[in-house]
2 protein chains.
Amino acid sequence: MSYSLSFSKALLVVIFVSDKIRQGQYEYLSTASIAKVLNIAKPTLVKILQGLNAEGIIETKEGKAGGVRLLKQPGEVTVLDVFNAIEKGKSLFNSSFDMRAQGQRPDRAQEILAELFQKTEQSMKTELATKNIGQILDEMSS
Amino acid sequence: MSYSLSFSKALLVVIFVSDKIRQGQYEYLSTASIAKVLNIAKPTLVKILQGLNAEGIIETKEGKAGGVRLLKQPGEVTVLDVFNAIEKGKSLFNSSFDMRAQGQRPDRAQEILAELFQKTEQSMKTELATKNIGQILDEMSS
DNA sequence: CTTAAATATATAAACAAAATATAAAGAATA
DNA sequence: TATTCTTTATATTTTGTTTATATATTTAAG
């Protein structure tokens with residue numbers, strides 16, 4: 001398949017939280033309210049928030065009046081940052097399989113493919129890095 | 001996850017068949033022998049071959065002395081062609097999910113993301129189109 | 001025209017990953 | 001100290017990929 005739905009959901013979460021801030025709401029947003037508004041199952045949302053937290057994009061606060069808050073400026077968070085928060089380490093193409101040791105030629109072929117795959121993945125990431133959340137918010141308003 | 005292993009396997013199949021041709025073997029290659037050499041399960045290989053066949057990359061012949069043969073020149077088959085033969089229609093990112101009708105803003109956000117995703121997928125494909133099987137064979141020999 | 005050697009097709013099973021459901025535990029504030 | 005909220009853990013459902021197995025169907029050759 002392709003990348004998980006969670007990535008898209010994570011982007012909407014970040015956009016949603018950033019949007020609230022632009023509208024002057026600086027308090028923590030509860031995960032329950034985010035889950036409800038964006039229609040994301042709570043366990044799924046929690047995983048997403050953990051990823052975003054580990055990546056330094058948001059911070060969460062436990063306990064009463066706790067919730068989620070953006071840690072960076074929307075303009076400082078690229079789509080690639082969100083991608084890395086969710087899909088970190090999952091490569092685009094899956095090229096690792098055994099061929100039952102068939103001499104140098106197939107091995108060499110796999111090497112060449114691995115190189116191409118890596119280059120392709122890099123260009124994908126470069127593309128994702130061209131857009132940040134601030135820009136998306138601007139485009140939403142226009 | 002990412003794209004399926006079948007894509008990598010399909011590339012190795014095409015490389016393998018092309019390589020045989022370069023070595024002067026113009027007869028049909030049996031699927032059984034390909035499955036054995038490349039260590040691919042037969043049903044999996046059959047699906048791959050069907051995809052390659054539908055894309056016009058190879059032709060298969062039933063019956064005795066049948067098998068698989070390349071339909072184009074190695075230099076005329078790009079990695080993207082093989083990709084399309086296997087992963088046709090599967091988009092890179094998965095952005096279609098319901099948000100329980102939350103007004104125009106999230107909808108607009110989804111639109112903007114869909115646009116970015118499409119652009120990113122296009123740049124991935126452009127990258128895959130830069131390399132063809134003939135080039136890979138050349139690199140293998142050097 | 002029969003047989004052998006191949007691919008094609010269909011069904012099911014095994015496996016892996018993603019998404020969700022549910023319940024319990026832990027932290028912070030009033 | 002009780003309430004409200006996040007965190008963690010476990011299990012289930014769903015979905016997709018890969019493989020196993022068996023049966024047809026095609027084709028060339030004797």
Side-chain angles (χ1 to χ4, degrees), chain A residues 1-10 12-13 17 27-36 38-54 58-69 71 83 85-100, chain B residues 1-10 12-13 17 27-54 58-69 71 85-100:
Chain A
M1 229 258 224
S2 43
Y3 285 110
S4 72
L5 251 185
S6 286
F7 171 45
S8 297
K9 291 181 178 177
L12 288 173
V13 168
V17 174
E27 325 84 69
Y28 287 91
L29 293 171
S30 82
T31 59
S33 72
I34 297 173
K36 193 178 171 193
L38 298 181
N39 193 29
I40 300 171
K42 214 175 139 195
T44 304
L45 178 59
V46 166
K47 271 184 205 163
I48 289 172
L49 294 178
Q50 285 172 349
L52 294 173
N53 187 42
I58 62 166
E59 64 179 338
T60 62
K61 187 181 157 198
E62 283 181 83
K64 198 168 180 178
V68 178
R69 197 162 61 171
L71 204 53
F83 176 88
I86 305 300
E87 307 282 4
K88 169 164 283 182
K90 288 177 195 160
S91 53
L92 220 194
F93 302 108
N94 203 341
S95 66
S96 60
F97 74 98
D98 279 347
M99 279 179 307
R100 202 108 70 188
Chain B
M1 231 254 226
S2 44
Y3 286 109
S4 73
L5 250 186
S6 286
F7 171 45
S8 297
K9 292 181 177 178
L12 288 173
V13 168
V17 174
E27 327 84 68
Y28 287 92
L29 293 171
S30 82
T31 59
S33 72
I34 297 173
K36 194 178 168 195
V37 171
L38 298 182
N39 193 28
I40 300 172
K42 217 174 134 192
T44 305
L45 178 60
V46 166
K47 272 184 205 162
I48 288 172
L49 294 177
Q50 286 172 348
L52 294 173
N53 188 42
I58 63 167
E59 65 179 338
T60 61
K61 187 181 156 200
E62 282 181 84
K64 201 169 178 177
V68 178
R69 196 162 63 172
L71 204 53
I86 305 301
E87 307 282 5
K88 169 166 282 181
K90 287 177 196 161
S91 53
L92 221 195
F93 301 109
N94 203 340
S95 65
S96 59
F97 74 98
D98 280 348
M99 278 180 308
R100 200 109 71 190

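Naming convention: chains lettered A, B, ... in sequence-line order (proteins, then strands); numbering from 1 in each chain. Only heavy atoms go into these numbers, but all of them, side chains included; no hydrogens, no water, no symmetry mates. The model shown is predicted, which means the values in this text are computed figures rather than measured ones.
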Undergrad: Take the protein atom CD of A:Glu59 and the nucleotide atom C1' of D:dT7, then report the distance between them rounded to whole Å.
TA: 16 Å
Undergrad: Rounded to whole angstrom units, what separation is found between the CZ atom of A:Arg69 and the C1' atom of D:dC5?
TA: 15 Å
Undergrad: Find the distance A:Lys36:NZ to D:dT6:C1' and express it as a whole number of Å.
TA: 19 Å
Undergrad: State, with a plain yes or no, whether a side-chain heavy atom of B:Leu71 is found less than 4.5 Å away from one of B:Ile58.
TA: no
Undergrad: Would you say D:dC5 has OP1 or OP2 under 4.0 Å from some side-chain N or O of A:Thr31?
TA: no
Undergrad: Measure the distance from CD on B:Glu27 to C1' on C:dA6 and round it to the nearest whole Å.
TA: 15 Å
Undergrad: Below 4.5 Å, heavy atoms only, C-beta onward: do A:Ile40 and A:Ile34 meet side chain to side chain?
TA: no
Undergrad: If you check every side-chain atom of B:Ser30, which of C:dT7, D:dT17, D:dT19 has the closest atom?
TA: C:dT7
Undergrad: How many whole angstroms separate atom CG of A:Leu38 from atom C1' of C:dA19?
TA: 16 Å
Undergrad: Taking the side chain of A:Lys64 as its heavy atoms from C-beta onward, which of C:dA28, D:dT26, D:dT6 lies nearest to it?
TA: C:dA28
Undergrad: Check whether any side-chain nitrogen or oxygen of A:Lys90 sits under 4.0 Å from OP1 or OP2 of C:dA18, and answer yes or no.
TA: yes
Undergrad: For the atom pair CD (A:Glu59) and CG (A:Leu49), what is the distance rounded to the nearest 0.5 Å?
TA: 12.5 Å
Undergrad: Nearest 0.5 angstrom please: B:Glu27 CD to B:Leu29 CG, how far?
TA: 7.0 Å
Undergrad: Between B:Lys42 and D:dT18, is there a contact of a side-chain N or O with OP1 or OP2 at under 4.0 Å?
TA: no
Undergrad: With a 4.5 Å heavy-atom cut-off, do A:Val46 and A:Thr31 have their side chains touching?
TA: no
Undergrad: Compare the minimum distances between each of D:dT17, C:dT22, D:dA20 and the side chain of B:Pro43, then state the nucleotide with the smallest one.
TA: D:dA20
Undergrad: Can you name the nearest heavy-atom pair linking B:Ser4 to B:Ile86, along with the distance?
TA: OG-CG2, 4.4 Å
Undergrad: B:Ala41 has a side chain; which of C:dA8, D:dT7, D:dT19 sits nearest to it?
TA: D:dT19
Undergrad: Using heavy atoms to find the nearest nucleotide of DNA chain C for A:Ala65 and A:Ile40 separately, return the residue whose nucleotide is more 5′.
TA: A:Ile40
Undergrad: Starting at NZ of A:Lys61 and ending at C1' of C:dT29, how long is that distance when rounded to a whole Å?
TA: 8 Å
Undergrad: Just N and O in the side chain of A:Ser6: are any of them under 4.0 Å from OP1 or OP2 of C:dA18?
TA: no
Undergrad: Considering only heavy atoms, which members of residues 44-51 of chain A lie under 4.0 Å from some atom of DNA chain C?
TA: A:Thr44, A:Lys47
Undergrad: Expressed as a whole number of angstroms, how long is the span from A:Glu62:CD to D:dT7:P?
TA: 5 Å
Undergrad: Take the protein atom CG of A:Asn94 and the nucleotide atom C1' of D:dT18, then report the distance between them rounded to whole Å.
TA: 12 Å
Undergrad: Angle class for the A:Tyr3/B:Phe93 ring planes (parallel below 30°, perpendicular above 60°, tilted otherwise)?
TA: parallel
Undergrad: What distance do A:Leu12 atom CG and A:Leu38 atom CG have between them, rounded to the nearest 0.5 Å?
TA: 6.5 Å
Undergrad: Counting heavy atoms from C-beta on, name the nucleotide in C:dA28, D:dT18, D:dT6 closest to the side chain of B:Leu5.
TA: D:dT18
